[in-house]
Amino acid sequence: MLFWHSQPEHYWPTPAEHYQNPPSGIYRETIQLPFLKQEDQPPIIPLCPAFQCILGAPSSPAIKMHEETLTYLNQGQSYEIRMLSNWKGVGELSEGRRLLRSVVRVVFHDRRLQYSERQQLESWQLNHPGDRILDLDVPLTVGVTDPLVNPNTLNTIEFLWDPSKRTSVFIQVHCISTEFTQRKNGGEKGAPFRIQVDTYKGDANGGFTEHLYSCSCQVKVFKPKGADRKQKTDREKVEKRSALEREKYQPACETTVLTECIPWPDIEAPRSPPSTPGCFRMPTPERVCASPVCASDSSTESSGESLSPSSSISETQQWLVRNRFSNYCRTFSNFTGADLLKLSRKDLTQICGVADGIRLAHSLSARSVRPRLTLYIATDTPEKKTTDDTSQTVYQELYLEEITAAELTTKVADLFSVPANHIQQISRTGPHGIHILLSDTMVRHMPDESCFMASLQKLQNSDSFHCILR
């Protein structure tokens, strides 16, 4: 009597380990039978694919045999894709060329939506400004080198990894399946997606264009906690059926194995070769995430530059990149400087979201940060003492940010063109003509836009000065 495995074994060992269980339920288990000669039976050697990708999400139990598996995901939740490799060719590569390039993308499963994919993604972007369909959870990701998130492709991420080391990427899908259905009256079935992983190795020119392996699986994305409820509903639906009918359904698994498929047509520019091992440079869109921290270094050079109404479309695009708004370059692809300046703050928050919309409105108006304390000080020189006409006194403004006595001393020294360390102390004239030594507390309590007459008195037997504010 022969027995079949009731559940497939998804995880297969690393190259350094031996196989103990067959990776699939299609292989039969060898049973020790006393009336059969074991030497007459050919040994069963389990197949070991060169690559395998495993999605850390359970498959649906309501899928019949010989049908493709279906996995339910929650919107915005991080899911692991474990990259496993038993590729024999890794030993033939040098240490500097051992890295592989993998591209993960979320695409439509239905052929009808595939034909209109570009229009569907653009429509989704207009309804979700600043968001991405597929994102990479970098803190949880292990073994990945130089991840790239292209702002122009919302549904694609790519990275480099070493097949001889443990690699796990955590992805987040931010769109839900019902957003791409024709009828939205409630209760409709959502459009299924496919998560596809394409892997390439380095070629003779140093790029990553030689295809090695592609795999994909079918998924549906629900609002948070919706996937858990759908999984429970499917399980209860199958359990209510008879034992004979339950045999027609696939057993549910805790993980989903991506099945091999044809590669996705890659029309984007390939990665340039690494200059040094572990260091990669991209010729096309910069490495960005939604946070301004990931902006290019060039933004610091012209952060105070305002946009001119006469700016052309290309100049407007460059201004957006320099001021850390590269995520919206495609949204404002046909805007000139005058078009962008005509938008109100309310318009910008609706297009870019509240946070980026307010930041863009401030950048367009070139609003500077107001100083914490403003003082007006006139220098008292011997020439000014000869006349009592105060109408001719010229005051200069001082802007204080730290509001400390040391900062005020430095500003006053600049007015008199003397080194700051030559002003030993600074005081303010108080009641009955007394001199009160200026401290940080006194500076903090100075009224904004106060006016003072400053004079320097040289200390005896020293090159230092005493500054008096009246």
Side-chain angles (χ1 to χ4, degrees), residues 292 295 297-311 319 322-325 337 340-341 344-345 348 357-459 462-470:
D297 296 337
S298 60
S299 63
T300 59
E301 300 176 0
S302 55
S303 57
E305 179 185 355
S306 60
L307 181 66
S308 172
S310 60
S311 299
W319 183 88
R322 287 196 301 267
N323 288 270
R324 310 192 307 276
F325 296 104
L340 201 57
L341 289 170
S344 64
R345 175 169 172 169
L348 294 173
I358 295 175
R359 192 166 63 89
L360 180 55
H362 289 173
S363 299
L364 290 173
S365 60
R367 179 178 296 180
S368 58
V369 180
R370 183 180 178 182
R372 300 177 62 185
L373 179 62
T374 302
L375 302 178
Y376 301 104
I377 295 182
T379 57
D380 190 6
T381 59
E383 291 79 6
K384 294 181 180 180
K385 292 180 180 179
T386 59
T387 177
D388 294 335
D389 188 6
T390 58
S391 63
Q392 298 181 356
T393 304
V394 179
Y395 287 83
Q396 300 184 33
E397 73 280 357
L398 295 183
Y399 299 120
L400 302 183
E401 298 293 344
E402 300 177 1
I403 316 184
T404 60
E407 183 184 16
L408 180 59
T409 302
T410 303
K411 300 285 186 178
V412 172
D414 292 339
L415 290 181
F416 287 98
S417 300
V418 297
N421 56 357
H422 282 197
I423 298 181
Q424 186 172 357
Q425 57 186 9
I426 183 170
S427 62
R428 179 182 178 182
T429 303
H432 309 292
I434 63 175
H435 297 290
I436 305 174
L437 190 63
L438 214 60
S439 63
D440 292 344
T441 303
M442 289 187 63
V443 175
R444 284 196 298 268
H445 287 83
M446 282 185 177
D448 194 23
E449 298 186 347
S450 299
C451 299
F452 295 97
M453 183 72 70
S455 60
L456 291 182
Q457 293 182 359
K458 191 172 183 179
L459 301 178
S462 175
D463 293 335
S464 302
F465 297 91
H466 173 210
C467 179
I468 302 175
L469 299 180
R470 300 193 301 272

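Here CG of L408 is found 6.0 Å from CE of M446. Values are rounded to the nearest 0.5 Å. Separating the CG atom in L415 from the CG atom in L398 is a distance of 5.0 Å, to the nearest 0.5 Å. Going from atom CD of Q457 over to atom CD of Q424 covers 13.0 Å, rounded to the nearest 0.5 Å. To the nearest 0.5 angstrom, F452 atom CZ is 9.5 Å from T429 atom OG1. One finds the OG atom of S455 at 8.5 Å from the NE2 atom of H466 (value rounded to the nearest 0.5 Å). To the nearest 0.5 Å, atom CG of residue L438 and atom CD1 of residue I426 are 5.5 Å apart.
Across all their heavy atoms, R372 and E401 have their closest contact at CD-O, 2.9 Å. Pairing each heavy atom of L456 with each of C467, the nearest pair is CD2-CB, 3.7 Å. Between E449 and Y376, the shortest heavy-atom distance links the atoms CB-CE1, 3.6 Å. Minimum heavy-atom separation, I436 to P431: CD1-CD, 4.4 Å. Looking at every heavy atom in both residues, D448 comes nearest to T374 through OD1-N, 2.8 Å. Nearest approach of P447 to L373, heavy atoms of both residues: O-CD1, 3.9 Å.
No donor-acceptor distance shorter than 3.5 angstrom exists from the side chain of R428 to the backbone of M442, with no hydrogens or angles considered. Within the 3.5 Å criterion, the main-chain N or O of T404 finds no donor-acceptor partner in the side chain of D440.
A heavy-atom distance below 4.5 Å is not found between the side chains of W319 and S308. Contact check for R345 versus I358: side-chain heavy atoms found under the 4.5 Å cut-off.
Applying the side chain to side chain donor-acceptor pair (under 3.5 Å) rule to S464 yields the partners S462; only residues at least two apart in sequence or on another chain are considered.
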